[in-house]
Amino acid sequence: MPDHGRSGTTSTGSLRHGIQEGVNNMGNKRVVADSSRCIGCQTCMAACIEAHDIPGNIAAPRLRVTRTYEISAPVACHHCEDAPCAKACPTGALFFDPKNHRIGVNEDNCIGCKSCVMACPFGAVSVATTQVPVLMGDVRVGSQTKSFVLKCDLCVDRPGGPACAEACPTKGLTLVDEERLAELTAERARATIENEA
């Protein structure tokens, strides 16, 4: 089964240390949306569901398309350097992943408290519950309710990168690091100045 970041920090003390290390790094990667290209088709959401439709996971989108009267755009985890969701998590289910420059998810540690949901300023984290089998050896002897943190994991186990960006028919989603994000910000600022002139 793909890892999806399960090998992360588990104690609160080392979690905070990991977050602090993230602050000193070049910054986390994230998927950014260009609302001028988004047509609201929700193909990104469908691709995300398909990418996570694996045993031991929940087939649900880790991003959602938000619409106003004039524009639409996907909202996904920003993988904040000083992530409020990870700071709020009491069990280390969310942690800074220095190898992949992101906030990872250790699903085994989620207790469903929703502290991360309340802490996220972007509304990009949710918690879902599902029934999972209770096994005795290879024999299923019952089931129990299990909570899962649902947030963008950057599809780190997927060779093609984030499924949402690959599937977008208008190329409105891009995986960026801090350097590329600065370039995009400068490009948009120049375009705004040119449009106002």
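The analysis underlying the following values was restricted to heavy atoms, covering all of them including side chains, and did not include hydrogens, waters or symmetry mates.
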State the CZ-SG distance between R102 and C155, to the nearest 0.5 angstrom. 10.0 Å
K171/D34 salt bridge by N-O under 4.0 Å criterion: no
Got more than 12 heavy atoms from elsewhere within 6.0 Å of NZ, K146? yes
Hphob cluster co-occupancy, V31 + V156, side-chain heavy atoms under 4.5 angstrom: yes
Can you tell me how far apart OG (S147) and CD (E107) are? Round to the nearest 0.5 Å. 11.5 Å
Closest contact, heavy atoms only, C85 versus I103: SG-CG2, 4.2 Å
Do N28 and F96 come within less than 4.5 Å of each other through their side chains, counting heavy atoms only? yes
Are the side chains of C38 and S72 in contact, using a 4.5 Å heavy-atom criterion? yes
Whether R64 side chain and G123 backbone form a donor-acceptor pair below 3.5 Å: yes
Can you check whether A191's main-chain N or O pairs, donor with acceptor, with N195's side chain at less than 3.5 Å? yes
Report the C-alpha separation of C152 and L63 in whole Å, then their side-chain angles, then the decisive distance to 0.1 Å, and conclude whether the side-chain contact (heavy atoms from CB on, under 4.5 Å) test is met. CA-CA 7 Å; C152 173; L63 76 167; 6.0 Å; no
Determine, using the 4.5 Å side-chain heavy-atom cutoff (strictly less than), whether V134 and M136 are members of one ILVMFWY cluster. yes
Using 0.5 Å steps for rounding, measure from the NE2 atom of H79 to the NZ atom of K29. 11.0 Å
Can you name the side-chain contact (heavy atoms from CB on, under 4.5 Å) partners of I111, sequence neighbours left out? P90, T91, C113
Knowing that exactly one of L154, L175, L173 qualifies, which makes a side-chain contact (heavy atoms from CB on, under 4.5 Å) with C164? L173
Check whether any side-chain N or O of H52 sits under 3.5 Å from a backbone N or O of I58 as a donor-acceptor pair, and report yes or no. no
Is there side-chain contact between Q144 and V132, with at least one heavy-atom pair below 4.5 Å? yes
Does any N or O in the side chain of T170 come within less than 3.5 Å of the main-chain N or O of R37, such that one atom is a donor and the other an acceptor? yes
When you look at R30 and V176, which way does the side-chain contact (heavy atoms from CB on, under 4.5 Å) test go after all the steps? CA-CA 6 Å; R30 70 205 76 171; V176 299; 4.0 Å; yes
Residues two or more places apart in sequence or in another chain: which of them pass side-chain contact (heavy atoms from CB on, under 4.5 Å) with S143? Q131, R140
Applied to residues 159-190, the ring pair (Phe, Tyr, Trp, His ring centres under 6.0 Å) test, sequence neighbours excluded, yields none
